[in-house]
There are 2 protein chains.
Amino acid sequence: MTEAQRRSPRDRYRAQVRAEIKQHAWEQIATQGVPALSLNAIAKQLGMSGPALYRYFANRDELITALIRDAYRGFADTVRAAFDAGADLAGLAHAIRDWARADPQRYFLIYGTPVPGYHAPEDITAIADEVMVVLLAASEAPVTGKPATPFDDRFANRRTRTDGSPVPGAVLRHAVSFWTRLHGVLSLELAGHFTGMEFDPELLLDAELHELGTS
Amino acid sequence: MTEAQRRSPRDRYRAQVRAEIKQHAWEQIATQGVPALSLNAIAKQLGMSGPALYRYFANRDELITALIRDAYRGFADTVRAAFDAGADLAGLAHAIRDWARADPQRYFLIYGTPVPGYHAPEDITAIADEVMVVLLAASEAPVTGKPATPFDDRFANRRTRTDGSPVPGAVLRHAVSFWTRLHGVLSLELAGHFTGMEFDPELLLDAELHELGTS
DNA sequence: AGATCCGGTTAGAAGCTATCACCTTCCTTA
DNA sequence: TAAGGAAGGTGATAGCTTCTAACCGGATCT
């Protein structure tokens, strides 16, 4: 909305068409995956013919990059919103899981198979950093007062908190551990690797996070 | 080798051409990813023109399925070999990590972004089951004598050991936990999501498995 | 030796990305 | 207000892809 109302009518129209293109792209991705995404098909769905779409996105890669950016943005907003609402790490995990399950291919656009040679533009890596900041902030509380493990020292790095103080190794380790455990369960669940086994993935996730909290 | 030496010369020729096709396919996948895999390009590299390749694989999907099968087979053999050599779970983890790092796209062919609507043929899911059997066997030792956690009961299922006895919930939970923690660290590492952070992914993996062992 | 099967060929349909040249319509500027 | 440029849309086209169809020659089997 904020993007659509500023500047000239032409700009608003342009923004809306771009949004419609992305909307149809998401539908194709959700049902058929990224490799099957066809600019031609999207153009026809919008009632315009082929090359017109290149007025809005320079090429297929640029459209996909825009989708990745939007996915990251939505992901970061979800994490941020849950944190601001007072959620702890378990709360964040469930918010992220709900977001991912709503559109698995959107999650895999961020954390799925990487394309060899592709490097995300800097504004996207900046969003990834936003998420890390929240994860680190949410990891402060559960770590305080715990004795340091032999591994923690190796995780001290140059990252600083918002006030400029360095992030302790234990906090970084806790945040990364949360991240990898969540992704480990979630990605295998979304990819269907648990089908046939009879346990509830949510229960497994809870167990993994429970152990993280009591370690 | 065993596939190439049996039956008639024609069969041997056929098996070898199929192997050469897959060889070139792997090279394309490793450097450009699955979506860029081109049957036409492979045919030209082999000195034959386009459609000839369809004598060996009915279509693109069948070739990719064959690659997935080979990847799973290699993965299962790696796990099995490490276990038979006496490796514990940590040893299995490092064997798997080495195997995955040797060709990340091969790992992602198994555990990467799923294609909506694709279901692996039964012989492939059977290989996946082989891996699970080894993981369960390797999880027997570290679990024995540990007090049951509140989560363990929910993981009891109909799976049986080779001698027919049921797998305890604690063992299944341990095996799945190992699997998800390893995959969580490994897939994010291979996808490059740790670049910029200054810790060693191997150290993170060790920490995760260390906690698993002491929980 | 004759029939069959198998692996290769070229031609071609249908689809894709992407570029080009052209046309119209809107918006801005003198 | 008239002129001119910018933006959006078009069809044509190049070049790539998967995959089918028709055909041909040689190896294999009966």
Side-chain angles (χ1 to χ4, degrees), chain A residues 3-29 31-68 109 115-118, chain B residues 3-29 31-68 109 115-118:
Chain A
E3 187 186 354
Q5 67 199 11
R6 96 185 94 133
R7 302 180 67 94
S8 69
R10 203 163 222 176
D11 282 6
R12 282 189 284 126
Y13 177 73
R14 181 174 179 80
Q16 179 177 341
V17 174
R18 276 181 66 103
E20 286 177 17
I21 291 171
K22 290 196 280 188
Q23 180 59 37
H24 283 86
W26 279 120
E27 289 165 12
Q28 279 194 20
I29 288 177
T31 59
Q32 297 178 313
V34 173
L37 183 122
S38 158
L39 301 193
N40 237 331
I42 293 174
K44 281 175 186 166
Q45 283 175 345
L46 290 178
M48 54 178 161
S49 234
L53 204 140
Y54 287 80
R55 298 285 178 186
Y56 299 94
F57 294 93
N59 50 46
R60 195 172 177 275
D61 275 8
E62 205 185 78
L63 171 58
I64 294 176
T65 296
L67 296 176
I68 294 175
L109 208 53
V115 178
Y118 176 84
Chain B
E3 187 185 357
Q5 67 199 11
R6 98 186 90 135
R7 303 181 67 92
S8 70
R10 201 164 227 174
D11 281 8
R12 281 191 285 125
Y13 177 74
R14 181 174 180 80
Q16 179 177 340
V17 175
R18 276 181 66 104
E20 287 176 17
I21 292 171
K22 290 197 281 189
Q23 182 57 37
H24 284 84
W26 279 120
E27 288 165 13
Q28 279 194 20
I29 288 176
T31 59
Q32 297 178 313
V34 174
L37 184 130
S38 159
L39 300 194
N40 238 330
I42 293 174
K44 282 175 186 166
Q45 284 175 345
L46 290 178
M48 54 179 161
S49 233
L53 203 141
Y54 288 80
R55 299 284 179 191
Y56 299 93
F57 293 94
N59 51 47
R60 193 172 179 276
D61 274 9
E62 205 185 78
L63 171 57
I64 294 176
T65 296
L67 297 175
I68 294 175
L109 207 54
V115 177
Y118 176 83

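Source: prediction; values computed, not measured. By convention in this document, chain letters (A, B, ...) are assigned in the order of the sequence lines, proteins followed by strands, and residues within each chain are numbered from 1.
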### Query
C/dA14 P sits how many Å from A/K44 NZ, rounded?
12 Å

Which atom pairs, one a donor and one an acceptor, fall under 3.5 Å between side chains of residues 56-68 of chain B and the rest of the protein, sequence neighbours left out?
| from | atom 1 | to | atom 2 | distance (Å) |
| --- | --- | --- | --- | --- |
| B/N59 | OD1 | B/D61 | N | 3.2 |
| B/N59 | OD1 | B/E62 | N | 2.9 |
| B/R60 | NE | B/L37 | O | 3.2 |
| B/R60 | NH2 | B/V34 | O | 3.0 |
| B/R60 | NH2 | B/P35 | O | 3.3 |
| B/R60 | NH2 | B/L37 | O | 3.1 |
| B/E62 | OE1 | B/A58 | N | 3.2 |
| B/T65 | OG1 | B/D61 | O | 2.9 |
| B/T65 | OG1 | B/Y118 | OH | 3.2 |

### Message
Can you list everything that forms a side-chain hydrogen bond (donor to acceptor under 3.5 Å, both in side chains) with A/Q32? Sequence neighbours excluded, please.
### Response
none

### Query
What does nucleotides 19-30 of chain C look like as a protein-contact string, B for base, S for sugar-phosphate only, - for none, at under 4.0 angstrom between heavy atoms?
B------B----

### Message
Are B/Q23 and B/E27 packed together at the side-chain level, in the sense that at least one heavy-atom pair is separated by less than 4.5 angstrom?
### Response
yes

### Task
Give the rounded distance in Å between these two atoms: CD of A/Q45 and C1' of C/dG15.
15 Å

### Minimum-distance pair of heavy atoms, taken over all atoms of A/Q28 and A/S38
OE1-N, 2.9 Å

### Message
Nearest whole Å is fine: how far is C/dA18 P from A/Y56 OH?
### Response
18 Å

### Query
Over how many whole Å does the gap from B/L46 atom CG to C/dG7 atom P extend?
14 Å

### Query
Nucleotide range of DNA chain D contacted by chain A, 5' to 3', under 4.0 Å to a heavy atom?
D/dA7 to D/dA12

### Query
Of all of residues 33-42 of chain A, which get a heavy atom below 4.0 angstrom from DNA chain D, listed by number?
none

### Task
Would you give the length of the straight line joining atom CZ of B/R12 to atom CD of B/Q16, rounded to the nearest 0.5 angstrom?
9.5 Å

Going by atom type alone, with no hydrogens or angles, which donor-acceptor pairs under 3.5 Å involve a side-chain atom of residues 43-54 of chain A and a protein atom two or more places apart or on another chain?
none

### Task
Look only at the side chain of A/R55 and the backbone of A/R14, and say whether a donor-acceptor pair between them is shorter than 3.5 Å.
no

### Query
B/R60 or A/L53: which one's nearest nucleotide on DNA chain D is closer to the 5' end?
A/L53

